[in-house]
2 protein chains.
Amino acid sequence: MSESPKRSKNQLKTHIRAQNQALILETAERIFARQGLAKTTTQMIADEAGLPKANIHYYYRSKKDLLEAVLERILQLWLDSVSQFSEELGPRHNLTRYISEKLDQSRLNPSASKVFAMALIGEEPFVLEFLRRFFVDELQKEKQTLDRWVEQGLMKPVPVEHLFITIWAMTQTYADFDGQVKVLLQKEQLEESDFDDAKQFITRMILLSCGIEEV
Amino acid sequence: MSESPKRSKNQLKTHIRAQNQALILETAERIFARQGLAKTTTQMIADEAGLPKANIHYYYRSKKDLLEAVLERILQLWLDSVSQFSEELGPRHNLTRYISEKLDQSRLNPSASKVFAMALIGEEPFVLEFLRRFFVDELQKEKQTLDRWVEQGLMKPVPVEHLFITIWAMTQTYADFDGQVKVLLQKEQLEESDFDDAKQFITRMILLSCGIEEV
DNA sequence: CTGTATTCTGACCGGATGTTCAAGTTTTGC
DNA sequence: GCAAAACTTGAACATCCGGTCAGAATACAG
């Protein structure tokens with residue numbers, strides 16, 4: 001790590017803290033995804049981050065705190081990277097983009113997806129809380145948008161909750177269960193083309209079910 | 001793993017063993033699903049099964065052995081309960097039944113689904129081995145059947161691997177991530193009607209993408 | 001430079017957990 | 001009915017892991 005040659009003294013005040021926290025969070029996310037939440041030890045994170053274990057605990061009091069911080073960071077990155085539905089662009093464009101962005105996330109940041117899935121499947125209480133706070137309202141908004149598109153005859157009525165549940169399931173599966181996917185595709189590593197195939201197939205399926213795409 | 005080849009005299013010979021192993025496996029599956037694989041302790045399993053901890057280890061040398069046995073039992077139940085594709089019944093009937101059976105599994109035996117998903121997401125080595133042994137061949141067979149249906153004009157050509165990956169993803173998500181589903185549907189518990197809704201939506205989507213269902 | 005705040009870190013602790021063992025009890029084969 | 005095999009079980013062991021802490025080192029402000 002090279003330091004910036006010129007940096008005002010004020011910035012240095014919080015420089016160390018921010019840098020170390022970022023290092024710890026990134027390392028922790030990677031190891032959580034690789035080893036599983038419970039099997040990951042603070043020692044592993046410390047070793048891979050090149051810090052003593054006690055230093056990890058200096059920034060994050062407990063392992064649970066650290067996991068929460070990792071999840072919050074993941075959620076923040078997600079919220080920043082997923083576009084909002086924009087009514088005027090219509091259902092075809094929005095759904096296509098949504099699926100594309102979700103699959104890009106699975107491809108480009110599989111660790112984040114996997115950690116979140118692990119926390120969800122283990123029903124860590126604060127993850128369900130996150131979902132309530134961030135996604136339930138979001139879903140309501142998108143539901144209203146879809147309703148208006150239906151009214152305008154731009155698409156057929158669909159069970160919106162199940163629509164999103166299945167989109168998430170399909171797109172996340174390529175990150176969360178990549179081991180399974182690799183076995184079934186008989187590949188050592190998933191390539192961008194595999195994600196493109198999935199993108200095309202899933203998009204077509206969703207658009208068809210919304211009565212947008214022609215058969 | 002291997003049963004005694006001679007069942008001649010009386011079944012009491014292996015009665016105790018079989019009964020206790022079944023009890024342990026069922027209990028372990030439930031707790032693995034509830035607590036996660038790593039957080040589950042042999043003590044928990046012992047307590048809930050009403051046995052001393054040392055007795056668990058009498059039947060299963062290590063926790064890893066026990067987990068393997070649980071997974072093998074799950075896989076066996078799955079293979080027994082999922083019907084084979086039968087070419088003469090055609091794609092609509094087979095796909096509809098396949099999706100229905102998978103969702104019934106998620107509804108009626110969520111623990112099994114969840115344990116398997118946990119093992120998969122944690123990439124337990126022997127699970128990937130199971131997949132290779134049991135599902136890859138299976139997928140090949142189903143692919144050939146679908147190919148013949150395509151030739152006969154009963155359905156459109158589809159990327160079969162992605163078709164099955166997405167069907168599995170959608171149907172399993174209702175068991176594996178039931179916490180998430182409950183939050184989004186805003187329900188305390190999933191009812192049969194929720195699974196019926198999912199069944200209808202997913203089936204329609206898959207049939208449409210195969211060019212079977214009319215829009 | 002000096003004092004204060006922040007960061008670093010080795011050593012340690014308490015508790016939990018998988019596993020073993022040896023001594024008991026029950027069941028089985030004959 | 002009796003010896004062997006199978007099963008049961010309390011107790012102990014070795015290990016590992018999250019978390020603490022006191023004091024050293026470093027960065028910062030004035």
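Numbered from 1 within each chain, the chains take letters A, B, ... in sequence-line order. Bear in mind the structure is a predicted one, so any value in this text is a computation, not a measurement.
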CH2-CG distance between A/Trp149 and A/Leu95, expressed to the nearest 0.5 angstrom: 6.0 Å

To the nearest angstrom, how far is B/Lys63 atom NZ from C/dG18 atom P? 5 Å

Give me the one residue out of B/Lys114, B/Arg107, B/Arg34 that meets salt bridge (charged side-chain N to carboxylate O under 4.0 Å, His left out) with B/Asp178. B/Lys114

Report the distance from atom CE of A/Met44 to atom P of D/dC16, rounded to the nearest whole Å. 11 Å

Please state whether the phosphate of C/dC8, meaning OP1 or OP2, lies under 4.0 angstrom from any side-chain nitrogen or oxygen of A/Tyr58. no

Could you check how far CD1 of B/Ile16 sits from C1' of C/dT26, rounded to whole Å? 7 Å

For B/Tyr98 together with B/Phe164, are the ring centres under 6.0 Å from each other? yes

Please set out all donor-acceptor pairs under 3.5 angstrom arising from side-chain atoms of residues 140-147 of chain A, sequence neighbours excluded.
| from | atom 1 | to | atom 2 | distance (Å) |
| --- | --- | --- | --- | --- |
| A/Lys143 | NZ | A/Glu161 | OE2 | 2.9 |
| A/Thr145 | OG1 | A/Lys141 | O | 3.1 |

The residue, A/Thr40 or B/Asn55, whose nearest nucleotide of DNA chain D is more 5′ is B/Asn55

What is the distance, to the nearest angstrom, from the CD atom on B/Gln21 to the P atom on D/dT8? 11 Å

For A/Arg17 and C/dT6, is the shortest distance between a side-chain N/O and OP1 or OP2 below 4.0 Å? no

Whole Å only: how far is the NE2 atom of B/His57 from the C1' atom of C/dG18? 5 Å

Please compare A/Ala54 and A/Ala38 by the position of their nearest nucleotide in DNA chain D and report the one closer to 5'. A/Ala38

Do B/Trp78 and B/Phe116 have their ring centres less than 6.0 Å from each other? yes

Quantify the bending of the helix from C/dC1-D/dG30 to C/dC30-D/dG1 as the angle between its end axes, each fitted on five pairs, to 10°. 30°

Hey, which of B/Gln105, B/Gln76, B/Lys102 is the one that makes side-chain hydrogen bond (donor to acceptor under 3.5 Å, both in side chains) with B/Ser81? B/Gln105

Separation of D/dG19 atom P from A/Asp65 atom CG, nearest Å, is 8 Å

Can you find a donor-acceptor N/O pair under 3.5 angstrom joining the side chain of B/Lys53 to the base of C/dT19? yes

Separation of D/dG10 P from B/Ile56 CD1 (nearest whole Å): 13 Å

In whole angstroms, how far is the P atom of C/dG18 from the CD atom of B/Gln43? 9 Å

Considering just the side-chain nitrogens and oxygens of A/Ser62, establish if one lies under 4.0 Å of OP1 or OP2 belonging to D/dG18. no

Hydrogens and angles aside, do A/Asp196 and A/Gln200 bring a side-chain donor and acceptor to less than 3.5 Å of each other? no

For B/Asn20 and D/dT8, is the shortest distance between a side-chain N/O and OP1 or OP2 below 4.0 Å? yes

